Enquirer: 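Below you'll find the structure I mean.
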Amino acid sequence: MKHLEEQVTQADSLGSLEKIRIELFGKKGALAAEFAKLKDVPGPEKKAFAEGLNKSKANLQKLYDERYELLKKEEIERILKAEAIDVSLYSNLEAKGALHPVMATMDKIIDYFIALNFSIEDGPKVEDDFHNFEALNLPKNHPARDMQDTFFCKDGGVLRTHTSPVQIRTMLETKPPIRMIAPGAVFRKDYDLTHTPMFHQIEGLVVEGKGEVSFANLKAILSDFLHYMFGEVEIRFRPSFFPFTEPSAEVDISCIFCEGEGCRVCSDTGWLEVLGCGIVDPNVFKAVNYEDVSGYAFGLGIERFAMLLHKIPDLRMLFEGDTRLLEQFR
Ligand code: DAH
């Protein structure tokens, strides 16, 4: 019996203990074999023999149970250790995407005008001379064409230098009244701190009957829009020139970096230029055969708005695709 007890107490895994259990307690196991001997034991010794066997059996069972408990506990601890997760450990965090600040700014601007019942219009990025220049009162050889450094295509087309040609397309396709904006990419040969060869604009156009639209309406809507975008800023309309509007203005807001005190961003003027606008020039209406109408238009660069809103110092950062910039907008 001693060697059987040793087998139990020395089993080093649940697997080997189970094997021993079958060898010991099974139908054909060692204990069954011992009990089988009972019938050959002479009568007077039977009782003592049986008592001895039962004691041994009970002892083995007790040793088995203890060993089983111990090995089971060790097994559980081993599994817990192997499957432990250290929640304080860093892992390679997945780089998640975010809406690009230019697109987020575009959406914010679009939201404003949609609420005022403006439609969203679109046009081709490869434009023709008529829509990009001619119909916008920029005849061939007109010096104002130099305002925009144009990419010319081999077939005579141009990459649109602004979203203003969508005005022309919309007016040719529909009848007044018109309330539209046209967001989209535009292209110019330019590359520095504040210029990239591709950037985004939003063009706006309102056309109604003769005498129904005034500069006061334009001023009101743009002032409200700029407060929506930038909060409590001062707004000033400065006389300017655009071929497609007369009179024209550029609109400034008080510098949001120095609150008008003067700083590097506003070149010590205290003002930031944010958009161009004006009353639609009669020559533009003539080009699309509109009569007895009045209207105003405006145009703005979305990247400039995004840079001001998020205080981004270099326009080119918006196009480098550096996740360190983008992940801040998650
Ligand atoms: N198209 C002009 C540009 O690209 C922006 C602009 C200015 C659009 C005045 C307008 C406007 O409609 O009235 O610089």
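Indexing begins at 1, ligand by ligand and atom by atom, following the structure's order. Since we're looking at a predicted model, the values are computed, not measured. Values below: every heavy atom of this structure, side chains too, minus hydrogens, waters and symmetry copies.
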Enquirer: So if I only count non-hydrogen atoms and take anything under 4.0 Å from ligand 1, which residues does that give, chain by chain?
Expert: Gln148, His162, Ser164, Gln167, Arg188, Gln201, Glu203, Phe242, Phe244, Thr245, Gly276, Cys277, Gly278, Ala297, Phe298, Gly299
Enquirer: Sequence neighbours excluded, which residues qualify as side-chain contact (heavy atoms from CB on, under 4.5 Å) partners of Met106?
Expert: Met103, Ile110, Pro183, His200, Ile202, Ile302
Enquirer: Side-chain donor-acceptor pairs under 3.5 Å in residues 293-301, sequence neighbours left out?
Expert:
{"residue": "Ser294", "atom": "OG", "partner": "Gly209", "partner atom": "O", "Å": "2.7"}
{"residue": "Ser294", "atom": "OG", "partner": "Glu212", "partner atom": "N", "Å": "3.3"}
{"residue": "Ser294", "atom": "OG", "partner": "Val213", "partner atom": "N", "Å": "3.0"}

Enquirer: Quick one: side-chain contact (heavy atoms from CB on, under 4.5 Å) partners of Glu45, sequence neighbours excluded?
Expert: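 With sequence neighbours excluded, Glu45 shows a side-chain contact (heavy atoms from CB on, under 4.5 Å) to Val41, Pro42, given in chain and number order.
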Enquirer: Please determine if Arg188 forms a cation-pi arrangement with Phe199, meaning its NZ or CZ atom is less than 6.0 Å from the six-membered ring centre and no more than 45° off the ring axis.
Expert: no
Enquirer: Is the backbone N or O of Ile312 less than 3.5 Å from a side-chain atom of His310, with the two atoms forming a donor-acceptor pair by type?
Expert: no
Enquirer: Hey, would you say the His162 and Phe244 ring centroids sit under 6.0 Å apart?
Expert: yes
